[in-house]
**Q** 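Starting off with a structure, shown below.
So that the names make sense, note that chain A is the first sequence line, chain B the second, and so on, each numbered from 1.
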Protein chains: 2
Amino acid sequence: MEAKKPTLEDVGRAAGVSRATASRVITGAHRVSTKTRNRVWHAVEELGYHPDLAARALAKGRTEVIDLVVIDDDATRVGSNPYYSRVVSGILSVLAGTDTQMRTHVIDEPEAPTRLDDVARTVGVGALLVNVPPALAARFSARCDRVVSLGHSAPGVPSIEADNAAGAIAAVEHLYRTGRRKVVAVHGKPNNSCAIGRRSGYSLASVEAGHEPIGAEGGFCLEAGVTGTQELLAAHPDLDGIFAACDLTAMGVLRALNESGRRVPDDVALVGFDDSFLASVATPAMTSVRQPVEHMAAMATRALLTGETSAHWQHVEPAPLQIRRSSAAA
Amino acid sequence: MEAKKPTLEDVGRAAGVSRATASRVITGAHRVSTKTRNRVWHAVEELGYHPDLAARALAKGRTEVIDLVVIDDDATRVGSNPYYSRVVSGILSVLAGTDTQMRTHVIDEPEAPTRLDDVARTVGVGALLVNVPPALAARFSARCDRVVSLGHSAPGVPSIEADNAAGAIAAVEHLYRTGRRKVVAVHGKPNNSCAIGRRSGYSLASVEAGHEPIGAEGGFCLEAGVTGTQELLAAHPDLDGIFAACDLTAMGVLRALNESGRRVPDDVALVGFDDSFLASVATPAMTSVRQPVEHMAAMATRALLTGETSAHWQHVEPAPLQIRRSSAAA
DNA sequence: CTGTTAGCGCCTTCAA
DNA sequence: TTGAAGGCGCTAACAG
C-alpha cells in the first residue's frame, strides 16, 4: 500500500510535461497554454498530488505561515483570556482555503526581547503582534517588516486597533441618556494604551454631559474591578452608573456591587468594554463596547497575505455599543 | 548590512570542519570528538547560526511541529471558549525551549472529514485532536499514528481525558455532605461522551446518597443552563442544589436562579464542571470540578514528542473539586 | 509557451 | 572520527 507521496515529477510525467511546467500550473503562473494546464490539473487529481510545503518553503526561502506572537504577562494570561481566542478565530477565518497555516508563539514577558528576535528571524508570510509593548514592537519591526500590531503601537509600526475613546464616549453618553445621574469609572492601568483611550473618552464624555469625571485606578482583571468599585462606593455612595475598563474588570464590578447589596441595573447601571462572551454570560447580561477583535485580526492577516502593510498601515476600527440588560433604564 | 544568514557550510568553514561534521554536532550525534564539538559550537555562537527549519524538514521528511486540530461546531466555537485557550497554553508550555512549534487547524464541522485527511497527510511530529468525534478520530488515527485525542475517543485511539464520573460524584457528595437535601442536575447532550460520564456520576452518587436522580437535558451552553433550570424549578421548587454539566451551563443556571429570585448559595448551592476562569469570575465565585486541561494537553504533547503514543496510551486524569462560594453551606 | 539546469540548507549514507 | 556526495521536492532563472 503505502505508495510514496507523488511529487511534481510524477505529475509532470503523468501529464507528459516537465516538472517545471507542472510547477508553473500549480503555482498559478500565466505563461501556460490552456491545454497543458488542463492536462496537469487532471494529473494532479489523478495522483492526488499535494505540494510539499517544506520543499516549497526551502525553494522560495519563505514559509507559508502566519506567525501569531503573544506576550504572556499576568494581565493577558493566555489560557484564561477570551481575547486571545478571538484573535485566533479571526486569523484562521482568513487562512481557511489558503494553504497558509498559522503558527503560535507565546512568549513569557521576561524573555521577550530574545524570543521576539528569534521569531523575527524566522517569520513566514508575516507576524501578528498581540500585547507586545510599543518599544518591543518597534524593535521587531526594525528586524522584520511584514508585521502588524494588534492594538496601538509605536509610530511606524503597522497597527490596527479599536476606537477606544469613541467607544468609551458612547458608553457614557448612553448611561446619561438613559437617566443615570452619576457615572463613575474603574479604569485600566495608567500605562496601557487601550486603557488610556478609554479613560480619556470617559472623561471627555463626562465633562461634555456636565459632570465631573470620577474614576478609580484599576486594571484588566477581576480584582481591580472589585476593589475599584469598593473605593468608589465608599467615596460616592450615590453613584448610579459604572463604566468598566474591560469585561473582566466589569465582572469584578458586578461582584462588588452584589456584595454591597446594590442591584444591577436597578440601582446601578454597568457598561463593560470588549463585548467578549463574558458580557453575554454575565448575570445580568452586560452592556459592553464591542471591540471587533476577530475583524481586526482578519484585516491584519489579509494585509499580511497581500503584503500591503507599510508604516502607513494604521487602522482604527469603530467600537459600537452592544446594549444588554445591565444598563437598562432604572 | 543585510548579511546573508549563515549556513552549516559557514559554520563548518569557521570551525575548520566539513558541513557534515557540523551537522552532526548540531543534531547531537555522538560520533564526534569533544574537541571538534567544542570548535563547532564556538563557531555557531560566533556566527549566530540558527538551523533553517524548512531545510531540515525537507531533508528529514518531517516538520518539527505539533498540529493542534480543533473541530469547531456550535458548541465548541473557538473564539468564545476558554477550554481551547487552555489547551494551547498546555501545549506551548511543553514546547517552550524546544525548537518545535505549534500549528493550529480549526476545522468547520461540515468539511471535517476532508480537512482532517489533509491534516493527517501533512502532520509533523504529531497531532492533538480536540473535539473530534470518535469516528473521525479513528479515521485520522488510521491515516496517521502520532496522534492523541483530548477527551474520550474511539478504542485504539490514544487519548487522555478527565475522570468525568468521579468528578461528578465528588460534586454531588460535597453538596449532600454540606447539608443540601435535594440536588438536581442540568446535563449535557446525551451523545457527548464527557457529558455521559458526568451524568452517570451524578446518578450514581445520588442513589448512593439515598436520593432519586433528577435531571434536565441540557448542553454545554448558557441557554441550556437557563432553560434546564427553569424546568427543574417548575417541577421541583424545593431543590436546593444543582450540579451543572459545565461552567458555561452553570452560568446559565446562575442566571435562571437569579431571575427566579433564588439566592446562591443561600437558597440553592451550585457546582459547575471545568473550573475554567468563568468559575472564578462568576458572582458568587463558583465551586467547580477541575478539569486539568493544561496538564492533559501538556502530557499529550510530551507523548507526541517522545513518540511513546500507541493504541495503549490511554490516560484518565483525576478531576478534583475546587470549592468556592457558590456551594457554601446554607 | 515549455524544457533544462541550478540551487535552497540540511541530513545521511558511504568511504576513508 | 571525519569528509565527500547524493538527494529531499520545489522554484526560478535561462534558454529554446
**Q** Between D:dT2 and B:Thr36, is there an OP1 or OP2 to side-chain N/O distance shorter than 4.0 Å?
**A** yes

**Q** Is any side-chain heavy atom of A:Arg139 closer than 4.5 Å to one of A:Asp117?
**A** yes

**Q** Measure the distance from NZ on A:Lys5 to P on D:dC8 and round it to the nearest whole Å.
**A** 13 Å

**Q** Among B:Leu116, B:Leu150, B:Leu128, B:Val130, which residue meets the side chain to side chain contact (heavy atoms under 4.5 Å, CB included) test with B:Val69?
**A** B:Leu116

**Q** Without decimals, in angstroms, what is the distance between B:Arg13 CZ and D:dG3 C1'?
**A** 15 Å

**Q** Only one of B:Arg115, B:Arg103, B:Arg121 clears salt bridge (charged side-chain N to carboxylate O under 4.0 Å, His left out) with B:Asp67; which?
**A** B:Arg103

**Q** Provide, to the nearest angstrom, the distance between the CG atom belonging to A:Leu58 and the P atom belonging to D:dG9.
**A** 12 Å

**Q** Could you tell me whether A:His315 atom NE2 has more than 12 heavy atoms of other residues or ligands within 6.0 Å of it?
**A** yes

**Q** Can you name the side-chain contact (heavy atoms from CB on, under 4.5 Å) partners of B:Asp145, sequence neighbours left out?
**A** none

**Q** Can you measure A:Glu64 atom CD to C:dC8 atom P for me and round it to whole angstrom units?
**A** 20 Å

**Q** Heavy-atom distance under 4.5 Å between the side chains of A:Thr309 and A:Val147, does that happen here?
**A** no

**Q** Please give, in whole Å, the distance from D:dC10 C1' to A:Arg62 CZ?
**A** 16 Å

**Q** Sort me out a list of protein N/O and nucleotides 10-13 of chain C N/O pairs below 3.5 Å, or just none if empty.
**A**
unit_1	atom_1	unit_2	atom_2	d
C:dC10	OP1	B:Tyr49	OH	2.3
C:dC10	OP1	B:Asp52	N	3.3
C:dC10	OP2	B:Leu8	N	2.6
C:dC10	N4	B:Arg19	NH1	2.6
C:dC11	OP1	B:Arg56	NE	2.7
C:dC11	OP1	B:Arg56	NH2	3.3
C:dC11	OP2	B:Ser23	OG	2.9
C:dC11	N4	B:Arg19	NH1	3.2

